[in-house]
Amino acid sequence: MTSFRIFILLLCCHLITRAGAGGFQTDGDSSAHRAPPHAFLTVISDVRPFRIYLDTAFLGLTPIDSAAVPVGQHLLRSVPLDPLQWEYFPVIDTLRFTEGQLIEKHVRFQRLVRVASRPFGASVRENGRVLGETPLEVPLEDSTRCLLVSKPGFQDLLSCVRGDTLLTLAPTLGSISYLQPAYLSQNSSQNLLPVYVTAALAVVAGAGSAYWKIKADNLNIDYTNTGNTADLSRIHHYDTLAGISLVICQVNLLGLAYFLFTR
């Protein structure tokens, strides 16, 4: 009986020992499956909400407050909410995160503004640096951007643009304004005379060609009905006049187009 009790006691001790070892083993497994280390990211923007991507994962719309991100180096992309907002450039940054780190990112978007001038082709400078010629699209990081617009024959114009801008340059003293056609600065009646003459001749010649052709067609109908050979010479005569008038009309139309385009 005593041996049986000793056997039961030893068996219980063995089971308790195995259970304790199994408990420690379970704790070791749970620590092995611990969540991976991560950091935190806060993103704000100075304009309307933008979409934020970390590598290829969509984080949300700005502002983003303390979003959990994996540790390591990642590509942060900020793009417009509306794909039609072409005036804003996407912003791309490379960030490196360490465990438990909080990175606060203030995204400043570059907005494109269009600068045009009358007349076009004016040089645009900023602090002595040439940006291009109008019409020109320039990025606007701050609320304003001061630009110097200049063109030979016109006064320089310094303008601080806040958005799309159309600038009108004033001509220098003694120059002719581009708003005034060249023929108005001279004798307008003398310059417009070729236009009037060619237009009138084209109309008269066109009407004459139609008139002679109608008479020739009417005589041709009479010749078909009567068979009078005397009408043949008159038909030929009227057809010739209609052809000459048509050629004169076309020549004057070409001349009219030339005079109009040269002005």
Side-chain angles (χ1 to χ4, degrees), residues 83-87 112-124 130-138 147 149-157 159 161 163-263:
L84 297 179
Q85 294 176 7
W86 58 268
E87 71 272 19
L112 284 179
V113 296
R114 180 179 176 87
V115 179
S117 67
R118 302 176 61 192
F120 67 92
S123 176
V124 180
V130 178
L131 302 181
E133 293 185 349
T134 57
L136 179 67
E137 291 180 345
V138 296
L147 305 173
V149 182
S150 59
K151 185 178 179 67
F154 296 86
Q155 300 178 11
D156 294 348
L157 179 61
S159 177
V161 299
D164 294 347
T165 305
L166 174 61
L167 304 173
T168 301
L169 302 181
T172 56
L173 185 62
S175 64
I176 300 175
S177 173
Y178 79 100
L179 296 175
Q180 182 183 16
Y183 63 82
L184 291 182
S185 63
Q186 304 173 10
N187 190 336
S188 59
S189 61
Q190 184 180 9
N191 282 328
L192 289 179
L193 181 61
V195 176
Y196 295 147
V197 171
T198 53
L201 289 177
V203 172
V204 172
S209 176
Y211 172 76
W212 297 120
K213 184 60 179 174
I214 291 173
K215 289 186 68 66
D217 290 342
N218 291 334
L219 283 176
N220 186 53
I221 294 174
D222 293 340
Y223 170 74
T224 302
N225 295 329
T226 62
N228 186 4
T229 57
D231 291 335
L232 291 177
S233 60
R234 297 174 62 189
I235 293 173
H236 178 70
H237 177 68
Y238 290 151
D239 281 336
T240 302
L241 291 177
I244 294 174
S245 299
L246 182 61
V247 171
I248 295 174
C249 176
Q250 292 178 342
V251 170
N252 282 277
L253 286 176
L254 291 176
L256 177 63
Y258 169 78
F259 289 126
L260 290 177
F261 280 115
T262 54
R263 277 156 177 73

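Side chains are part of it too, since the values below use all heavy atoms of this structure and drop only hydrogens, waters and symmetry mates.
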Exercise. Among Val203, Val197, Thr198, which residue meets the side chain to side chain contact (heavy atoms under 4.5 Å, CB included) test with Leu201?
Worked result: Val197

Seminar exercise, completed: Heavy atoms of Lys151 and Pro119 approach each other most closely as CD-CG, 3.6 Å

For this session: Decide yes or no on side-chain contact (heavy atoms from CB on, under 4.5 Å) for Val161 and Leu147, but give the supporting numbers first.
Result: CA-CA 7 Å; Val161 299; Leu147 305 173; 4.1 Å; yes

For this session: Determine yes or no for a side-chain-to-main-chain donor-acceptor pair under 3.5 angstrom, with Ser245 supplying the side chain and Gly206 the backbone.
Result: no

Problem set entry | Value rounded to 0.5 Å, distance of CG in Leu241 from NE2 in His236 | 10.0 Å

Seminar exercise, completed: When every non-hydrogen atom of Leu169 is compared with those of Gln155, the smallest separation belongs to CD2-O, 4.1 Å

Exercise. Sub-3.5 Å donor-acceptor pair from the side chain of Asp164 to the main-chain atoms of Arg114, do we have one?
Worked result: yes

Problem set entry | For Leu166 against Ser117, the heavy-atom pair lying closest together | CD1-N, 3.9 Å

Problem set entry | Considering all heavy atoms, the nearest Phe120-Pro135 contact | CB-CD, 4.4 Å

Exercise. If you measure from CG on Asn220 to CD1 on Ile235, what distance do you get to the nearest 0.5 Å?
Worked result: 4.5 Å

Exercise. Ignoring hydrogens and geometry, is there a side-chain-to-backbone donor-acceptor pair from Thr134 to Leu136 under 3.5 Å?
Worked result: no

For this session: Go through the steps for Lys213 and Asp239 under the test side-chain contact (heavy atoms from CB on, under 4.5 Å), then give the verdict.
Result: CA-CA 6 Å; Lys213 184 60 179 174; Asp239 281 336; 3.6 Å; yes

Problem set entry | Derivation and outcome, side-chain contact (heavy atoms from CB on, under 4.5 Å), residues Val130 and Val124 | CA-CA 6 Å; Val130 178; Val124 180; over 6 Å; no

Exercise. What are the two closest heavy atoms between Ala205 and Ile248, and how far apart are they?
Worked result: CB-CG2, 3.8 Å

For this session: Heavy atoms only: give me the nearest Ala216-Tyr238 pair and the separation to one decimal.
Result: CB-CB, 3.7 Å

Exercise. Rounded to the nearest 0.5 Å, what separation is found between the CG atom of Leu157 and the OG atom of Ser150?
Worked result: 10.0 Å

